[in-house]
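These notes are about the structure you will find just below.
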Amino acid sequence: MIFERNRDPDGNGLSEQGVRIRDWLVRNGRVVAAAFIVIVAILSACTVLVVPGEAIVMTRLGDPIRVVTSPGLAWKIPAPVESTIQVDLRLKTTSSGLQDVGTRDGLRILVQAYVAWEVPDDPDHVRQFLRAVRNQPNVAADQLRSFIGSSLEITVSSFDLASLINADASKIQLNQLERRLQARIDQQALKVYGIKIMQVGIERLTLPAETLDATVARMAAERDTVAAARQAEGDRAAAEIVSNADRDGRVLVAQVKAEAAAIDAKSRVEAADIYSKAYSKDRELYTLLRSLDTLSTVVRGNTTLILRTDAAPFRILVDGPGKSAGTLPSSVEHKP
């Protein structure tokens, strides 16, 4: 009985409360939909989404009043009272293009540098960037190019060309150049535009024609100097070796001659002693042997002799050893 009492008289299965709700929706459905749309629009106008790598600057009647850098939803008064400006905080790079600058030794070079920069997520620097370049990264890049050009001219002038371009890698000072360049640009960019310089590097370094010729000539002169020094060192070493060898040779020859002279003198003394003993023992035999020694020395295979037979030492050939005595021949006549 209760079930039947709460049923819709039309037989749709709805209670009386459900019927009243349905009738109210039918009569006010458009109003509800419009109100829902209005609420959603108001919520959308009062909130702003902050994504990573981005800052939102809220302005009230054109005046920046608040900077939001944390990702998430932020509240604001709907436009036109408050509006938002998106500022890109992501890393950007800018190239200076080839810059004609001079070195400390008066030579010209062409240098191209790059700069990696970003707007810090600090509200003060975000406002400064917004005021300085009107939130235009291209304008900031143009200003950075001007900074890089002037900084390159000042910084490179404190380096010699040999410290930037050299066949010896240990003499190249590009790292010092990049550090000085970054320190100079970072101070100006952060102070004027609210930009933080993350990295500065030399992208390209080349030489004009006249500087290239001077560099080649300088490198050739350095090579010639090194070659001349090594040649002189080699000549000194060779002369020292030759001098030492000559000195050692002279010393050795002198020692050998002294030893030979001593041996020759000793042999002469011993020979004289032997001759003396032989002569004292048998005078005729000694005379015979000395005469034969003299003949073997004077007479050769192709020698023709015309001699007196009664003269020593040839008298021995006629008289024999028993009658031969006296001295050695005083003269010998021979014909080749």
Side-chain angles (χ1 to χ4, degrees), residues 47-74 76 79-103 108-159 164 174-206:
T47 59
V48 60
L49 178 63
V50 183
V51 300
E54 183 180 77
I56 298 297
V57 180
M58 296 185 183
T59 63
R60 181 173 297 171
L61 301 178
D63 184 24
I65 60 172
R66 187 158 56 101
V67 178
V68 181
T69 58
S70 301
L73 289 175
K76 70 181 185 66
V81 178
E82 289 185 359
S83 59
T84 60
I85 300 175
Q86 296 177 343
V87 179
D88 191 357
L89 303 181
R90 293 174 297 180
L91 188 68
K92 304 173 184 64
T93 58
T94 300
S95 179
S96 67
L98 284 175
Q99 303 289 327
D100 188 354
V101 296
T103 60
R108 308 298 298 182
I109 60 174
L110 300 177
V111 183
Q112 180 173 339
Y114 71 89
V115 175
W117 60 277
E118 66 181 12
V119 180
D121 58 351
D122 178 79
D124 294 336
H125 290 129
V126 173
R127 290 191 186 95
Q128 186 177 4
F129 177 78
L130 187 63
R131 289 192 302 266
V133 298
R134 301 293 180 183
N135 197 27
Q136 297 294 326
N138 292 333
V139 176
D142 292 338
Q143 297 299 324
L144 280 177
R145 291 188 185 96
S146 300
F147 279 163
I148 296 172
S150 60
S151 299
L152 277 173
E153 184 69 33
I154 296 173
T155 307
V156 173
S157 62
S158 61
F159 291 86
L164 302 177
L174 287 180
N175 293 332
Q176 292 87 330
L177 173 62
E178 292 174 349
R179 286 195 295 269
R180 293 187 187 180
L181 191 61
Q182 179 174 351
R184 180 176 294 276
I185 297 175
D186 192 19
Q187 295 176 358
Q188 296 179 349
L190 189 62
K191 180 178 179 181
V192 178
Y193 297 106
I195 294 174
K196 176 66 176 177
I197 304 299
M198 305 304 296
Q199 184 179 5
V200 175
I202 301 301
E203 188 175 3
R204 183 181 177 189
L205 195 153
T206 186

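Quick caveat, the model's predicted, so the values are computed rather than measured.
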How far apart are the C-alpha atoms of Y114 and T94, what are their side-chain angles, what is the distance that settles it, and do they pass the side chain to side chain contact (heavy atoms under 4.5 Å, CB included) test?
CA-CA 6 Å; Y114 71 89; T94 300; over 6 Å; no
Do V101 and I154 make a side-chain contact, defined as non-hydrogen atoms from C-beta onward lying under 4.5 Å apart?
no
Which atoms form the tightest heavy-atom contact between V68 and M58, and what is the distance?
CG2-CE, 4.1 Å
So S150 and R184, side chain to side chain contact (heavy atoms under 4.5 Å, CB included) or not? Walk me through it.
CA-CA 10 Å; S150 60; R184 180 176 294 276; over 6 Å; no
Return yes when atom CD of E203 has more than 12 non-hydrogen atoms of other residues, nucleotides or ligands closer than 6.0 Å, and no otherwise.
yes
When rounded to the nearest 0.5 angstrom, what is the spacing between CD in Q112 and CD1 in I148?
10.0 Å
Is any side-chain heavy atom of D142 less than 4.5 Å from a side-chain heavy atom of R145?
yes
What pairs with R60 under salt bridge (charged side-chain N to carboxylate O under 4.0 Å, His left out), at least two apart in sequence or on another chain?
E82
Close side-chain approach of L130 and V126, heavy atoms under 4.5 Å
no
Given side chains that start at C-beta, do those of R180 and S158 come closer than 4.5 Å, heavy atoms only?
yes
Check: T69 main-chain N/O paired with D121 side-chain donor or acceptor under 3.5 Å
no
Say whether, by atom type as modelled, one donor and one acceptor occur between the side chain of Q128 and the main chain of K191 under 3.5 angstrom.
yes
Heavy-atom distance under 4.5 Å between the side chains of R204 and L98, does that happen here?
yes
Start with the C-alpha gap between I109 and T206, add the side-chain angles, then the distance that decides, and say whether side chain to side chain contact (heavy atoms under 4.5 Å, CB included) holds.
CA-CA 6 Å; I109 60 174; T206 186; over 6 Å; no
Do the non-hydrogen side-chain atoms of D88 and R90 ever get within less than 4.5 Å of each other?
yes
So which atom in T155 and which in F159 form the shortest heavy-atom distance, rounded to 0.1 Å?
O-CD1, 3.3 Å
Here the gap from F129 atom CZ to D124 atom CG, rounded to the nearest 0.5 Å, amounts to 15.5 Å
Looking only at atom types and distance, does a side-chain atom of R66 sit under 3.5 Å from a main-chain N or O of T59, one as donor and one as acceptor?
no
Please check if the side chain of S96 supplies one atom and the backbone of A113 the other of a donor-acceptor pair under 3.5 Å.
yes
Do Q199 and I197 have side-chain heavy atoms sitting under 4.5 Å apart?
no
Kindly say whether L152 contributes a backbone atom to a donor-acceptor pair with the side chain of Q99 at under 3.5 angstrom?
no
Look up atom CG in L164 and atom CD1 in I202, then write down how far apart they are to the nearest 0.5 Å.
8.5 Å
Output, in order, the C-alpha distance, side-chain angles, deciding distance and verdict of side chain to side chain contact (heavy atoms under 4.5 Å, CB included) for I85 and I56.
CA-CA 6 Å; I85 300 175; I56 298 297; over 6 Å; no
Closest heavy-atom pair and its distance - I195, A140
CD1-CB, 3.8 Å
Count the heavy atoms of every other residue, nucleotide or ligand shown that sit under 6.0 Å from NZ of K92, and state whether that count exceeds 12.
yes
For the student: nearest non-hydrogen atoms of Q188 and S151, plus distance
OE1-OG, 4.3 Å
Closest heavy-atom pair, P123 versus V67, reported as atoms and distance to 0.1 Å, is CB-CB, 3.9 Å
For Q182 and M198, work out which heavy atoms get closest and say how close.
NE2-O, 3.5 Å
Using a 4.5 Å cut-off on heavy atoms from C-beta on, say whether the side chain of L91 contacts that of E118.
yes
Separation of Y193 OH from F147 CZ (nearest 0.5 Å):
4.5 Å
